[in-house]
Asker: 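First the structure, which I've put down as structure tokens, then a few questions once you've had a look.
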Amino acid sequence: MRILKTMVLVALASGLTGCTKSKFKTYNGPEVTRVIVDKSEREMFLLHHEKVLKSYNVDLGFAPNGHKEFEGDGKTPEGSYLIDRRNPNSDFHLSIGISYPNERDIAKARAVGRDPGGDIFIHGRPNKRSGIGPDWTAGCISVKNREMEDIYAMVKDGTLVTITP
């Protein structure tokens, strides 16, 4: 009887662990060598050299037209940056950081006496908020949570990100 109880408990535990879903996926396909964000079309592309591996619809900053100039302007930066960090415990469903501001961004903001801002990420939806509409971020690039899980696995630190108007 004791062996039977042990077998039942092990079977139940195995079944329960099989039901949990991790936000950390693995990716073994072609290397993502570049990320392109087309702000006007609200699309993001993950590329392996010139081949598009995946494409996503995106939401941008709440004032998306033009290049980010200073903290609080609600614009998503434009230009070339790198993926420079990742945050698995962000206030959003996973996030990978973009190296904004660069030296040019800093100089431009300081020339008008402003702070360029920072903390620009590609991320999923907020963990504590729902019912968001288009272009709702403070300057980040947002995708659906399940898409962010793929992006988090596919895009490595050091990957070039080009954000076009």
Asker: Under 4.5 Å side-chain heavy-atom separation, chaining through any Ile, Leu, Val, Met, Phe, Trp or Tyr, what else clusters with Phe62? Say none if it is isolated.
Answerer: none
Asker: Pairs in or reaching into residues 107-119: which pass salt bridge (charged side-chain N to carboxylate O under 4.0 Å, His left out), with residues at least two apart or in two chains?
Answerer: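 Salt bridge (charged side-chain N to carboxylate O under 4.0 Å, His left out) check on residues 107-119 returns Arg85-Asp119.
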Asker: Can any side-chain N or O of Glu147 pair as donor or acceptor with the backbone N or O of Lys144 at less than 3.5 Å?
Answerer: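 A pair under 3.5 Å: yes.
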Asker: Testing Thr164, Val58, Ile163 one by one against Asp38 for a side-chain contact (heavy atoms from CB on, under 4.5 Å), which residue passes?
Answerer: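 When side-chain contact (heavy atoms from CB on, under 4.5 Å) is applied between Asp38 and each of Thr164, Val58, Ile163, only Thr164 qualifies.
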Asker: Applying salt bridge (charged side-chain N to carboxylate O under 4.0 Å, His left out), name anything that partners Arg86, two or more places apart in sequence or on another chain.
Answerer: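 Residues passing salt bridge (charged side-chain N to carboxylate O under 4.0 Å, His left out) with Arg86: Asp157.
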Asker: Do you know which two heavy atoms are closest between Pro77 and Tyr81, and how far apart they sit?
Answerer: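 Nearest heavy atoms, Pro77 then Tyr81: CB-OH, 3.9 Å.
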Asker: Is a side-chain N or O of Lys39 found less than 3.5 angstrom from the main chain of Pro64, in a donor-acceptor match?
Answerer: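 Yes, because the side chain of Lys39 sits within donor-acceptor range (under 3.5 Å) of the backbone of Pro64.
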Asker: Below 4.5 Å, heavy atoms only, C-beta onward: do Met44 and Ile122 meet side chain to side chain?
Answerer: yes
Asker: Hydrophobic clusters join Ile, Leu, Val, Met, Phe, Trp and Tyr when side-chain heavy atoms are under 4.5 Å apart, directly or via other members; which others share one with Leu47?
Answerer: Ile36, Phe45, Val52
Asker: Between the main-chain N or O of Gly158 and the side-chain N or O of Asp84, is there a donor-acceptor pair closer than 3.5 Å?
Answerer: no
Asker: Side-chain contact, heavy-atom cut-off 4.5 Å: Val155 with Ile96?
Answerer: yes
Asker: Could you work out, with side chain to side chain contact (heavy atoms under 4.5 Å, CB included) as the rule, every residue matching Pro88, not counting sequence neighbours?
Answerer: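 Checked Pro88 against side chain to side chain contact (heavy atoms under 4.5 Å, CB included); matches are Phe24, Leu94, Tyr152.
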Asker: Applying side chain to side chain donor-acceptor pair (under 3.5 Å), can you list everything that pairs with Thr162, at least two apart in sequence or on another chain?
Answerer: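 With sequence neighbours excluded, Thr162 shows a side chain to side chain donor-acceptor pair (under 3.5 Å) to Arg34, given in chain and number order.
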Asker: First locate atom NZ of Lys75, then atom CD1 of Ile120, and finally report the distance between them rounded to the nearest 0.5 Å.
Answerer: 12.5 Å
Asker: Given Tyr56 and Ile151, is the side-chain contact (heavy atoms from CB on, under 4.5 Å) satisfied, shown in steps?
Answerer: CA-CA 10 Å; Tyr56 305 95; Ile151 294 163; 3.7 Å; yes
Asker: Does His67 have any side chain to side chain donor-acceptor pair (under 3.5 Å) partners at least two apart in sequence or in another chain, and if so, which?
Answerer: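 For His67 the side chain to side chain donor-acceptor pair (under 3.5 Å) partners, ignoring immediate neighbours, are Asp105.
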Asker: Would you indicate whether the side-chain heavy atoms of Ile141 and Thr76 approach each other to under 4.5 Å?
Answerer: yes
Asker: With side chains defined as the heavy atoms from C-beta onward, is the minimum distance between Leu60 and Arg42 less than 4.5 Å?
Answerer: yes
Asker: Asp91: what forms a side chain to side chain donor-acceptor pair (under 3.5 Å) with it, not counting sequence neighbours?
Answerer: none
Asker: Report yes if some heavy atom in the side chain of Arg146 is under 4.5 Å from a heavy atom in the side chain of His93; otherwise report no.
Answerer: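 With C-beta onward as the side chain, the pair stays apart.
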Asker: Could you work out, with side chain to side chain contact (heavy atoms under 4.5 Å, CB included) as the rule, every residue matching Leu82, not counting sequence neighbours?
Answerer: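 Counting only residues at least two positions away or on another chain, Leu82 forms a side chain to side chain contact (heavy atoms under 4.5 Å, CB included) with Ser99, Leu160.
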Asker: Ring-plane angle category for Phe92 and His123, please: parallel below 30°, perpendicular beyond 60°, tilted otherwise.
Answerer: parallel
Asker: Apply salt bridge (charged side-chain N to carboxylate O under 4.0 Å, His left out) to Glu71 and list each qualifying residue two or more places apart in sequence or on a separate chain.
Answerer: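 Counting only residues at least two positions away or on another chain, Glu71 forms no salt bridge (charged side-chain N to carboxylate O under 4.0 Å, His left out).
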Asker: Hey, is the main chain of Gly139 close enough, under 3.5 Å, to the side chain of Lys68 for a donor-acceptor pair?
Answerer: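 Checking the backbone N and O of Gly139 against the side chain of Lys68, no donor-acceptor pair under 3.5 Å is found.
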Asker: Determine whether Asn57 and Val143 satisfy the following criterion, side-chain contact (heavy atoms from CB on, under 4.5 Å), listing intermediate values before the conclusion.
Answerer: CA-CA 7 Å; Asn57 293 322; Val143 295; over 6 Å; no
Asker: Give, for atom OG of Ser90 and atom CG of Asn127, the distance between the pair rounded to the nearest 0.5 Å.
Answerer: 6.0 Å
Asker: Please name the pair of heavy atoms, one in Asp59 and one in Asp135, separated by the smallest distance, quoted to 0.1 Å.
Answerer: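 That closest heavy-atom pairing would be OD1-N, 3.7 Å.
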Asker: Identify, with sequence neighbours excluded, every residue that meets side chain to side chain donor-acceptor pair (under 3.5 Å) alongside Ser142.
Answerer: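 Counting only residues at least two positions away or on another chain, Ser142 forms a side chain to side chain donor-acceptor pair (under 3.5 Å) with Arg125.
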Asker: For the CG atom of Leu53 and the CG atom of Asp150, what is their distance to the nearest 0.5 Å?
Answerer: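 Spacing of CG (Leu53) from CG (Asp150) equals 11.5 Å.
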Asker: Do Cys140 and Phe121 have side-chain heavy atoms sitting under 4.5 Å apart?
Answerer: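 Yes. Closest side-chain heavy atoms under 4.5 Å.
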Asker: Output all residues satisfying side chain to side chain contact (heavy atoms under 4.5 Å, CB included) with Ala153, sequence neighbours left out; order by chain, then residue number.
Answerer: Lys25, Tyr27
